[in-house]
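Worksheet: the structure to be examined is printed underneath.
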Amino acid sequence: MAVPALTLHVDAAWESPWAFHAFVALDEKRLAFDVVTEPLPLSAARRTALSELGVLGKIPMLVHARDAGAFALTESLAISEYLAETFPYPDHPRLFPADLAERARARQVMSWLRTSLLALRSERPTSHVFAPAPPAALPPLPPLTDAARAQADELVGVAARLIAPGRPELFATWSIADADLALALMRLVAIDGDDELVPSAIAAYARAQWARPSIQRWVARAHAAHHAGAR
Ligand SMILES: N[C@@H](CCC(=O)N[C@@H](CS)C(=O)NCC(=O)O)C(=O)O
């Protein structure tokens with residue numbers, strides 16, 4: 001069997017939202033890839049080794065073995081854009097909308113999700129979103145502070161403006177922005193319950209996205225890591 005030319009370095013606990021993004025992007029592109037797990041926080045030696053490879057010592061890191069030599073890249077959005085351009089449609093499914101305005105909107109949402117909602121992200125961590133049921137497997141989380149609650153309302157408001165009623169995806173076809181927005185919403189839906197903070201139509205969007213095979217393949221790896229005690 002041919003050795004995949006692509007390797008993705010992810011966190012050993014499988015709970016990084018940015019590694020999730022890169023993994024889903026590779027899977028949606030129908031690309032074969034190897035995975036290397038990195039315990040976090042990275043040791044000084046590992047951070048140095050990764051930064052010598054790909055400029056920044058972080059995960060996710062994509063390594064592409066090419067005739068011209070290995071190319072290593074961090075930053076989840078840079079990774080999905082590299083995959084979109086290196087393995088373009090129609091030979092591979094799209095990651096970004098074909099329409100330029102929709103593509104820009106997808107980038108806007110993903111950039112915002114990476115730079116905002118810090119209190120909500122801290123109080124509703126992905127460790128709980130990716131944990132296997134029952135939720136009792138992890139200690140319960142306290143109620144949201146006022147700051148995180150305001151950010152939850154902001155997130156729901158953004159989702160409500162973007163998701164057309166009854167539409168399963170943000171745009172005409174699925175895009176990687178759907179995976180990012182669904183994960184952000186699952187911080188509320190999976191931890192606090194559907195009805196608590198998220199209107200049912202938006203919770204239904206998040207759950208439908210969550211059922212996507214690429215996302216479920218990440219979730220299965222996260223559950224396996226949990227059972228193996230990697231977190
Ligand atoms: N903006 C980056 C964030 C990447 C990032 O912050 N990665 C963290 C893990 S989630 C990391 O590598 N931390 C190194 C460490 O904890 O030692 C992206 O989108 O990929």
Let me confirm one number: the [atom1]-[atom2] distance from [X] to [Y], rounded to the nearest 0.5 Å.
| X | Y | atom1 | atom2 | result |
| --- | --- | --- | --- | --- |
| Leu62 | Leu73 | CG | CG | 6.5 Å |
| Thr86 | Lys29 | OG1 | NZ | 9.0 Å |
| Leu113 | Ser76 | CG | OG | 10.5 Å |
| Ser127 | Leu141 | OG | CG | 7.0 Å |
| Ile79 | Leu95 | CD1 | CG | 12.0 Å |

Expected output: side-chain [X] to main-chain [Y] donor-acceptor under 3.5 Å:
| X | Y | value |
| --- | --- | --- |
| Arg212 | Ile215 | no |
| Gln151 | Leu120 | yes |
| Lys58 | Glu75 | no |
| Asp178 | Leu170 | yes |
| Ser51 | Thr48 | yes |
| Asp11 | Ser16 | yes |

Next item on the list: Under the ring-ring contact (aromatic ring centres under 6.0 Å, His included) rule, collect the residues that match up with Trp210, sequence neighbours excluded.
Entry: Phe20, Phe130
Assess, by modelled atom type and distance only, whether the side chains of [X] and [Y] contain a donor and an acceptor separated by less than 3.5 Å.
| X | Y | value |
| --- | --- | --- |
| Ser214 | Glu28 | yes |
| Ser175 | Glu169 | no |
| His21 | Arg114 | yes |
| Trp174 | Gln209 | yes |

Item checked: Intermediate values then yes/no, side-chain contact (heavy atoms from CB on, under 4.5 Å), Val55 and Thr74 -> CA-CA 8 Å; Val55 179; Thr74 66; over 6 Å; no
Note to self: So that I can tick it off, tell me whether Asp192 and Arg124 are bridged by a salt bridge, with the cut-off set at under 4.0 angstrom between side-chain N and carboxylate O.
What the structure shows: yes
Notebook entry, point to check: Are Glu81 and Arg107 ion-paired here, with the side-chain N under 4.0 Å from a carboxylate O?
Noted result: yes
Next item on the list: Tell me whether the guanidinium CZ or amine NZ of Arg103 lies under 6.0 angstrom from the six-membered ring centre of Phe96 and within 45° of its axis.
Entry: no
Between [X] and [Y], is there a shared hydrophobic cluster once you connect ILVMFWY residues whose side-chain heavy atoms come closer than 4.5 Å?
| X | Y | result |
| --- | --- | --- |
| Leu117 | Leu185 | yes |
| Leu77 | Ile59 | no |
| Leu8 | Trp18 | no |
| Leu40 | Trp218 | no |
| Leu26 | Val63 | no |

Next item on the list: Return each pair, listed once, that meets ring-ring contact (aromatic ring centres under 6.0 Å, His included) where at least one residue sits in residues 39-66; pairs must be two or more places apart or across chains.
Entry: His64-Tyr82, His64-Phe87
Margin query: With side-chain contact (heavy atoms from CB on, under 4.5 Å) as the criterion, how do Met186 and Thr126 come out once you've worked through the C-alpha distance, each side chain's angles and the decisive distance to 0.1 Å?
Written below: CA-CA 9 Å; Met186 288 302 279; Thr126 51; over 6 Å; no
Item checked: 4.5 Å side-chain heavy-atom contact, Val36 and Met61 -> no
Next item on the list: Kindly determine whether Met110 and Ile176 satisfy side-chain contact (heavy atoms from CB on, under 4.5 Å), including the steps that lead there.
Entry: CA-CA 9 Å; Met110 292 191 288; Ile176 190 69; 3.8 Å; yes
Notebook entry, point to check: Does Asp153 have any salt bridge (Lys or Arg N to Asp or Glu O under 4.0 Å) partners at least two apart in sequence or in another chain, and if so, which?
Noted result: Arg149
Note to self: For Ser111 versus Thr115, what's the shortest heavy-atom pair and its separation?
What the structure shows: O-OG1, 3.0 Å
Next item on the list: Considering non-hydrogen atoms only, spot the tightest contact between Arg167 and Ile163 and give its length.
Entry: O-CG2, 3.9 Å
Note to self: Looking at Phe71, I want to see if its CZ is surrounded by more than 12 non-hydrogen atoms of other residues, nucleotides or ligands under 6.0 Å.
What the structure shows: yes
Next item on the list: Please step through side-chain contact (heavy atoms from CB on, under 4.5 Å) for the pair Leu181 and Leu155, ending with a clear verdict.
Entry: CA-CA 9 Å; Leu181 183 60; Leu155 171 63; 4.0 Å; yes
